[in-house]
Amino acid sequence: MRIGRDFFLRDVLDVAPDLIGKKIIRLFPSGEQKEYVITETEAYRGEEDLACHACKGRTARTEVMYHEGGVCYVYLIYGMHWMLNFVVSINDHPQAVLIRSVKGFEGPGRAARELGIDKSFYGENLVSSKRLFVEDGNEKYEYTSHPRIGIDYSGEYWKNKPWRFVITNKI
DNA sequence: GTAACGATCCTC
DNA sequence: AGGATCGTTACA
(Lines give C-alpha, C1' and ligand atoms only; values in the text may rest on other atoms or scores of the structure.)
Protein backbone atom coordinates (compact mmCIF):
# COMPACT_ATOMS: atom_id res chain seq x y z
CA MET A 1 0.00 0.00 0.00
CA ARG A 2 1.10 3.52 -0.77
CA ILE A 3 3.32 5.30 1.71
CA GLY A 4 1.71 8.48 2.98
CA ARG A 5 2.72 12.00 3.94
CA ASP A 6 3.89 11.33 7.50
CA PHE A 7 6.63 8.95 6.37
CA PHE A 8 8.33 11.77 4.47
CA LEU A 9 8.06 14.40 7.21
CA ARG A 10 10.79 12.75 9.32
CA ASP A 11 14.52 13.50 9.37
CA VAL A 12 16.41 12.35 6.29
CA LEU A 13 18.66 10.14 8.42
CA ASP A 14 15.54 8.16 9.38
CA VAL A 15 13.84 8.19 5.97
CA ALA A 16 16.83 7.31 3.77
CA PRO A 17 17.54 3.94 5.43
CA ASP A 18 13.79 3.24 5.82
CA LEU A 19 13.39 3.49 2.04
CA ILE A 20 15.68 0.49 1.53
CA GLY A 21 13.52 -2.42 0.38
CA LYS A 22 10.49 -0.22 -0.36
CA LYS A 23 9.04 -0.30 -3.87
CA ILE A 24 8.81 2.58 -6.32
CA ILE A 25 5.65 2.23 -8.41
CA ARG A 26 5.83 3.82 -11.84
CA LEU A 27 2.88 4.09 -14.21
CA PHE A 28 4.36 4.74 -17.65
CA PRO A 29 2.63 6.77 -20.39
CA SER A 30 2.10 3.50 -22.26
CA GLY A 31 -0.19 2.39 -19.44
CA GLU A 32 2.28 -0.20 -18.19
CA GLN A 33 2.89 -0.18 -14.43
CA LYS A 34 6.16 -1.48 -12.98
CA GLU A 35 7.62 -1.91 -9.50
CA TYR A 36 11.22 -1.29 -8.53
CA VAL A 37 12.75 -2.28 -5.19
CA ILE A 38 14.96 0.48 -3.77
CA THR A 39 18.41 -0.95 -3.10
CA GLU A 40 20.60 2.11 -2.45
CA THR A 41 19.94 5.63 -1.12
CA GLU A 42 21.89 8.65 0.05
CA ALA A 43 20.93 11.33 2.57
CA TYR A 44 21.50 15.05 1.96
CA ARG A 45 20.79 17.05 5.07
CA GLY A 46 20.18 20.79 5.12
CA GLU A 47 22.11 23.96 4.34
CA GLU A 48 24.90 23.04 6.75
CA ASP A 49 25.66 19.84 4.78
CA LEU A 50 28.26 21.07 2.28
CA ALA A 51 27.50 18.10 0.01
CA CYS A 52 23.81 19.09 -0.19
CA HIS A 53 22.77 21.40 -3.02
CA ALA A 54 20.86 23.45 -0.44
CA CYS A 55 24.20 24.54 1.09
CA LYS A 56 24.01 27.37 -1.48
CA GLY A 57 20.67 28.48 -0.06
CA ARG A 58 17.41 28.96 -1.96
CA THR A 59 17.79 29.07 -5.74
CA ALA A 60 15.39 28.21 -8.55
CA ARG A 61 16.84 24.70 -8.56
CA THR A 62 16.89 24.03 -4.80
CA GLU A 63 13.54 25.70 -4.07
CA VAL A 64 11.60 22.45 -3.97
CA MET A 65 13.87 21.09 -1.25
CA TYR A 66 12.39 23.69 1.11
CA HIS A 67 8.92 22.22 0.56
CA GLU A 68 7.66 19.76 3.16
CA GLY A 69 8.53 16.11 2.55
CA GLY A 70 6.80 13.97 -0.05
CA VAL A 71 7.71 15.71 -3.31
CA CYS A 72 10.47 15.00 -5.84
CA TYR A 73 13.66 16.95 -6.41
CA VAL A 74 14.93 16.25 -9.94
CA TYR A 75 17.96 17.76 -11.63
CA LEU A 76 20.28 17.12 -14.58
CA ILE A 77 23.93 16.32 -13.90
CA TYR A 78 26.90 16.20 -16.29
CA GLY A 79 24.61 17.41 -19.05
CA MET A 80 23.00 14.01 -19.50
CA HIS A 81 21.84 12.19 -16.37
CA TRP A 82 18.66 12.94 -14.45
CA MET A 83 18.85 12.39 -10.69
CA LEU A 84 15.75 11.38 -8.71
CA ASN A 85 15.47 12.57 -5.10
CA PHE A 86 12.66 12.48 -2.56
CA VAL A 87 12.33 15.65 -0.49
CA VAL A 88 11.83 14.87 3.20
CA SER A 89 11.47 16.61 6.59
CA ILE A 90 9.25 19.57 7.42
CA ASN A 91 8.81 22.91 5.67
CA ASP A 92 12.02 25.01 5.39
CA HIS A 93 14.25 22.08 6.29
CA PRO A 94 15.91 21.30 2.94
CA GLN A 95 16.63 17.58 3.08
CA ALA A 96 16.46 14.99 0.32
CA VAL A 97 17.09 11.31 -0.37
CA LEU A 98 18.93 10.48 -3.60
CA ILE A 99 17.65 7.24 -5.14
CA ARG A 100 21.02 5.74 -6.11
CA SER A 101 19.86 2.31 -7.24
CA VAL A 102 16.80 0.15 -7.71
CA LYS A 103 16.98 -3.63 -8.12
CA GLY A 104 18.52 -4.44 -11.49
CA PHE A 105 19.56 -0.85 -12.22
CA GLU A 106 22.67 0.18 -10.32
CA GLY A 107 23.57 3.86 -10.21
CA PRO A 108 21.45 7.01 -9.90
CA GLY A 109 21.65 7.84 -13.61
CA ARG A 110 20.63 4.35 -14.66
CA ALA A 111 17.84 4.11 -12.08
CA ALA A 112 16.33 7.43 -13.15
CA ARG A 113 16.66 6.54 -16.83
CA GLU A 114 14.87 3.22 -16.28
CA LEU A 115 12.12 5.04 -14.37
CA GLY A 116 11.71 7.53 -17.21
CA ILE A 117 12.47 10.51 -14.98
CA ASP A 118 12.88 13.97 -16.50
CA LYS A 119 12.35 17.59 -15.53
CA SER A 120 8.57 17.15 -15.54
CA PHE A 121 8.97 15.20 -12.27
CA TYR A 122 10.45 18.23 -10.48
CA GLY A 123 7.99 18.79 -7.61
CA GLU A 124 6.00 15.61 -8.36
CA ASN A 125 3.95 14.79 -5.26
CA LEU A 126 4.52 11.19 -4.15
CA VAL A 127 1.47 11.29 -1.90
CA SER A 128 -0.99 12.11 -4.68
CA SER A 129 0.74 11.31 -8.00
CA LYS A 130 -0.80 8.65 -10.21
CA ARG A 131 2.43 7.98 -12.13
CA LEU A 132 5.07 7.82 -9.37
CA PHE A 133 4.77 6.78 -5.73
CA VAL A 134 6.22 4.46 -3.09
CA GLU A 135 4.77 1.30 -1.58
CA ASP A 136 5.64 -0.59 1.55
CA GLY A 137 7.02 -4.07 1.12
CA ASN A 138 5.93 -6.98 3.27
CA GLU A 139 9.50 -8.03 3.93
CA LYS A 140 12.07 -6.17 5.97
CA TYR A 141 15.60 -5.66 4.78
CA GLU A 142 19.01 -5.06 6.30
CA TYR A 143 21.39 -2.44 5.05
CA THR A 144 24.96 -1.25 5.52
CA SER A 145 26.13 2.37 5.77
CA HIS A 146 28.94 3.91 3.71
CA PRO A 147 30.31 7.34 2.77
CA ARG A 148 28.50 9.17 -0.03
CA ILE A 149 29.79 9.10 -3.61
CA GLY A 150 31.00 11.94 -5.80
CA ILE A 151 31.19 14.70 -3.19
CA ASP A 152 34.93 15.11 -2.68
CA TYR A 153 34.50 18.86 -2.98
CA SER A 154 32.54 19.02 0.30
CA GLY A 155 35.57 18.49 2.54
CA GLU A 156 36.65 15.63 4.80
CA TYR A 157 33.97 16.15 7.46
CA TRP A 158 30.95 15.87 5.18
CA LYS A 159 32.61 13.52 2.72
CA ASN A 160 33.12 10.95 5.46
CA LYS A 161 29.57 10.95 6.84
CA PRO A 162 28.22 7.38 6.41
CA TRP A 163 25.00 8.57 4.80
CA ARG A 164 24.83 6.11 1.90
CA PHE A 165 22.67 3.08 2.59
CA VAL A 166 22.98 -0.19 0.66
CA ILE A 167 20.66 -3.19 0.90
CA THR A 168 22.22 -6.42 2.13
CA ASN A 169 19.80 -9.28 2.62
CA LYS A 170 16.29 -10.06 3.74
CA ILE A 171 15.89 -10.56 7.47
C1' DG B 1 27.19 38.04 -21.29
C1' DT B 2 30.40 34.48 -20.15
C1' DA B 3 32.70 30.75 -18.01
C1' DA B 4 33.24 26.83 -14.93
C1' DC B 5 31.49 22.84 -13.05
C1' DG B 6 29.18 18.80 -11.65
C1' DA B 7 25.13 13.74 -6.10
C1' DT B 8 27.53 10.03 -13.75
C1' DC B 9 28.06 6.62 -17.32
C1' DC B 10 30.22 4.48 -21.19
C1' DT B 11 34.08 3.30 -24.02
C1' DC B 12 38.40 3.14 -24.67
C1' DA C 1 41.94 7.18 -18.11
C1' DG C 2 39.04 10.32 -20.68
C1' DG C 3 35.10 12.16 -23.21
C1' DA C 4 30.19 13.25 -23.54
C1' DT C 5 27.07 17.31 -22.86
C1' DC C 6 24.06 21.20 -20.83
C1' DG C 7 21.47 23.49 -16.94
C1' DT C 8 22.69 26.05 -13.02
C1' DT C 9 25.39 29.14 -10.78
C1' DA C 10 28.54 32.93 -9.96
C1' DC C 11 30.82 36.70 -11.37
C1' DA C 12 31.88 40.68 -14.49
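Labels below follow one simple rule: chain letters A, B, ... track the order of the sequence lines, proteins then strands, and each chain is numbered from 1.
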**Message:** Please report the distance, rounded to the nearest Å, between NE2 in A:H53 and C1' in C:dA10.
**Reply:** 15 Å

**Item:** Cationic N near anionic O, under 4.0 Å, A:E42 to A:R148
**Value:** no

**Request:** Compare every heavy atom of A:L126 with every heavy atom of A:F133, then report the nearest pair and how far apart it is.
**Result:** CB-O, 3.4 Å

**A:L76 CG - B:dA7 P separation (whole Å)** = 11 Å

**Message:** Below the 4.0 Å mark, does C:dT9 have OP1 or OP2 next to a side-chain nitrogen or oxygen of A:T59?
**Reply:** yes

**Prompt:** Between A:R164 and B:dA7, is there a side-chain N or O to OP1/OP2 distance below 4.0 Å?
**Reply:** no

**Asked** What is the nucleic acid contact for A:L98, judged by heavy atoms within less than 4.0 Å: base, sugar-phosphate only, or nothing?
**Response** base

**Asked** Start at the 5' end of DNA chain C and walk down; is the nucleotide closest to A:G79 or to A:T62 reached first?
**Response** A:G79

**Request:** Please check the phosphate of B:dC10 (OP1 and OP2 only) for any side-chain N or O of A:R113 closer than 4.0 Å.
**Result:** yes

**Asked** Looking only at atom types and distance, does a side-chain atom of A:R10 sit under 3.5 Å from a main-chain N or O of A:V88, one as donor and one as acceptor?
**Response** no

**Asked** Where do A:E68 and A:R5 land on the salt bridge (charged side-chain N to carboxylate O under 4.0 Å, His left out) test, with the steps shown first?
**Response** CA-CA 9 Å; A:E68 74 165 28; A:R5 173 173 176 266; 2.7 Å; yes

**Prompt:** Is the shortest side-chain N/O distance from A:Y153 to OP1 or OP2 of B:dA7 below 4.0 Å?
**Reply:** yes

**Asked** Contact class for A:M83 (heavy atom, under 4.0 Å): base, sugar-phosphate, or nothing?
**Response** sugar-phosphate

**Message:** Less than 4.0 angstrom between a side-chain N/O of A:K161 and OP1 or OP2 of B:dA7, yes or no?
**Reply:** no

**Asked** Choosing from C:dG7, B:dC10, C:dT9, which nucleotide comes nearest the side chain of A:A60?
**Response** C:dT9

**Request:** Considering just the side-chain nitrogens and oxygens of A:R61, establish if one lies under 4.0 Å of OP1 or OP2 belonging to C:dT9.
**Result:** yes

**Message:** Applying a 4.0 Å non-hydrogen cut-off, can you work out what A:R100 is touching in the nucleic acid: base, sugar-phosphate, or nothing?
**Reply:** sugar-phosphate

**Asked** For the pair made of CD1 in A:I77 and C1' in B:dC9, what is the distance, rounded to whole Å?
**Response** 12 Å

**Request:** Return yes if a side-chain donor-acceptor contact under 3.5 Å exists between A:Y66 and A:E47, otherwise no.
**Result:** yes

**Request:** Report the distance from atom CD1 of A:I149 to atom P of B:dA7, rounded to the nearest whole Å.
**Result:** 13 Å

